[in-house]
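My questions all concern the structure below.
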Amino acid sequence: MPEYAERFRAERFRECLLAWYDANRRDLPWRESSDFYRVWISEVMLQQTRVEAAIPHYLRFLERFPAVGVLAAASESDVLAAWSGLGYYSRARNLHRAARIVAASGTPDSFDAMRALPGAGPYTAAAVASIALGLPCAAVDGNVVRVASRLSNDASPSESPAVRRRFAELAERLLDRSRPGDFNQAMMELGATVCLPAGPRCAACPVEAFCAARAAGTQETLPARKPRAEVRQVALNLLLRVRIAPGGSREVFLVRRGGGESRLAGFWEPPSVEIPPDGARRIGVFKHQIVNDRFQVAVWLHPDPLVEPLPDGRWFAAPELSAVPLGGIARKAVASLEKAGDTPLFDIGQ
DNA sequence: AAGACGGGGTA
DNA sequence: TACCCAGTCTT
């Protein structure tokens with residue numbers, strides 16, 4: 001009877017979590033009521049913003065715009081001014097647009113209606129729907145992803161949409177349908193204060209007994225992320241042939257690994273160069289790296305032409321260079337070369 | 001799928 | 001000083 005056992009476990013989980021929440025819940029300004037407008041404003045403010053940072057702005061904002069009608073009637077610049085210091089100003093612009101929609105057509109009464117408002121994604125729609133409307137929607141923010149990954153001891157990369165869906169389904173299964181708003185806030189508060197990214201305080205955790213990661217001792221390693229793009233530390237040289245003048249194409253140089261431990265470590269840079277006599281004028285600065293077995297090339301236009309033979313004169317074949325995925329910078333550089341009448345040809349030296 | 005968005009907090 | 005944080009929207 002695995003289903004029955006599962007249901008029983010989920011029920012116990014809810015009891016433990018909510019008992020902990022009831023005993024430890026913080027008094028926050030937006031918890032004084034479950035008023036839709038106040039909950040909504042707080043959830044938008046709390047996107048990418050810490051509770052402590054949001055509180056003073058929240059209080060000021062509500063004083064300035066005490067009800068949705070006031071917000072809807074305000075000018076955008078007034079709203080932006082009240083938002084100043086919070087960052088991500090598109091949140092304020094979306095909120096303002098959404099306020100006009102709510103003022104005109106009424107408070108949303110479902111997850112879908114909430115989700116349709118500008119600035120309300122899956123998280124915000126679920127949070128407001130559960131806290132203000134009492135609807136059984138699981139709100140999955142970064143905290144909940146961390147808690148869910150540890151409860152299930154699931155080391156799949158947490159930024160993949162499919163994996164996030166799995167964690168959301170777990171949260172949905174655990175959700176207390178009679179107190180969805182409290183349950184969601186309890187999960188998030190657990191993640192923020194106990195189930196910490198580093199150094200989780202398992203001894204203080206109300207649901208330790210339900211945690212598969214804790215049982216396996218893997219809690220510190222979760223949630224897992226996509227494997228870091230791997231830069232192969234191999235002396236690969238890339239030959240680019242660039243058509244420079246009406247005369248034809250010219251082979252140009254290449255690149256060596258950039259040094260240092262900085263952001264550019266692992267990229268490849270051209271050696272210092274001299275200007276060739278034939279007036280080759282516009283050669284890019286090239287950086288490339290092997291990322292997950294794919295060649296990536298970035299090309300910067302450089303005011304000074306550069307050409308230099310490789311010191312050792314050796315070339316290595318780069319696989320499928322003509323199919324190299326160019327990043328945004330490289331595409332811009334190539335487009336710029338083409339606009340200037342120079343057709344870049346990519347070729348493989350050997 | 002990947003990057004922009006903006007502050008503040010932290011190594 | 002530079003990196004990190006993590007929802008939503010855009011491309």
Side-chain angles (χ1 to χ4, degrees), chain A residues 39-58 60-61 76 79-99 101 108 111-112 114-131 137-149 156-165 167-168 171 184-185 187-193 195-200 222-229 260-267 289 291-294 296-298 325-332 335:
Chain A
V39 170
W40 178 33
I41 300 294
S42 74
E43 285 301 337
V44 173
M45 276 193 187
L46 288 169
Q47 292 167 8
Q48 292 82 45
T49 306
R50 292 165 188 280
V51 167
E52 300 73 33
I55 288 175
H57 288 99
Y58 174 83
R60 261 196 303 117
F61 195 92
E76 184 179 277
V79 177
L80 290 174
W83 199 265
S84 71
L86 275 168
Y88 281 103
Y89 291 89
S90 64
R91 290 187 295 173
R93 278 187 281 268
N94 284 332
L95 189 59
H96 187 220
R97 281 203 290 144
I101 294 172
F111 172 87
D112 289 338
M114 192 59 222
R115 177 73 181 81
L117 294 176
Y123 164 76
T124 304
V128 176
S130 64
I131 298 170
C137 309
V140 182
D141 73 343
N143 289 310
V144 176
V145 166
R146 185 168 58 255
V147 171
S149 72
S156 312
S158 63
E159 54 285 74
S160 117
V163 175
R164 277 193 90 92
R165 258 197 303 283
F167 292 152
N184 283 333
Q185 294 182 84
M187 288 284 276
M188 295 189 275
E189 196 126 328
L190 185 73
T193 62
C195 196
L196 302 167
L222 296 171
R225 304 193 170 266
K226 273 188 186 149
R228 210 66 199 126
E261 299 300 318
S262 69
R263 234 176 339 153
L264 295 180
F267 283 87
Q289 59 180 355
V291 177
N292 295 335
D293 284 325
R294 288 174 23 156
Q296 292 191 344
V297 183
L326 296 177
I329 293 171
R331 280 198 302 276
K332 276 182 203 159

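Convention: sequence-line order gives letters A, B, ...; per-chain numbering from 1. These figures come from a predicted structure and were not determined experimentally. In what follows, every heavy atom counts, from backbone to side chain, and hydrogens, waters and symmetry copies are set aside.
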Do A:Thr49 side-chain atoms and A:Gln47 backbone N/O form a donor-acceptor pair below 3.5 Å?
yes

Could you check whether A:Tyr123 gets within reach of a base, just the sugar-phosphate, or nothing at all, counting any heavy atom under 4.0 Å?
sugar-phosphate

May I ask you to say what A:Arg93 touches in the nucleic acid, namely base, sugar-phosphate or nothing, with a heavy-atom cut-off under 4.0 Å?
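The residue A:Arg93 makes no contact with any strand.
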
Residue A:Thr124, side-chain heavy atoms: nucleotide from C:dG7, B:dG7, B:dA1 that is nearest
C:dG7

Measure from the side-chain heavy atoms of A:Arg115 and tell me the nearest of B:dG6, B:dA1, C:dC9.
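Minimum distance to the A:Arg115 side chain belongs to C:dC9.
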
Name the closest nucleotide to the A:Thr49 side chain, picking from B:dG6, C:dG7, B:dG9.
B:dG6

Counting the atoms with a prime plus P, OP1 and OP2 as sugar-phosphate, which does A:Arg50 contact under 4.0 Å by heavy atoms, base, sugar-phosphate, or nothing?
sugar-phosphate

For A:Pro122, report the nucleic acid contact type (base, sugar-phosphate, nothing); a contact means any heavy atom under 4.0 Å.
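The residue A:Pro122 makes sugar-phosphate contact but no base contact.
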
Side chains of A:Asn94 and A:Arg91: any donor to acceptor distance under 3.5 Å?
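There is no such pair between these side chains.
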
Please determine, for the side chain of A:Pro161, which listed nucleotide (B:dG7, B:dA1, C:dG7) has the closest atom?
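For the A:Pro161 side chain, the nearest candidate turns out to be B:dA1.
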
Measuring only the P atom in each nucleotide, how far is C:dC3 from B:dA4? A whole number of Å is fine.
15 Å

Calculate, to the nearest 0.5 Å, the distance between atoms CZ and CH2 belonging to A:Arg93 and A:Trp83 respectively.
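Separation between the atoms: 11.5 Å.
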
Suppose you measure atom P in C:dT8 against the same atom in B:dG9; what distance do you get, rounded to whole Å?
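These two P atoms come out 23 Å apart once rounded.
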
Taking A:Arg115 for its side chain and A:Ala120 for its backbone only, find out whether a donor-acceptor pair lies under 3.5 Å.
yes

Does a side-chain N or O from A:Tyr88 land closer than 4.0 Å to OP1 or OP2 of B:dA4, or not?
no

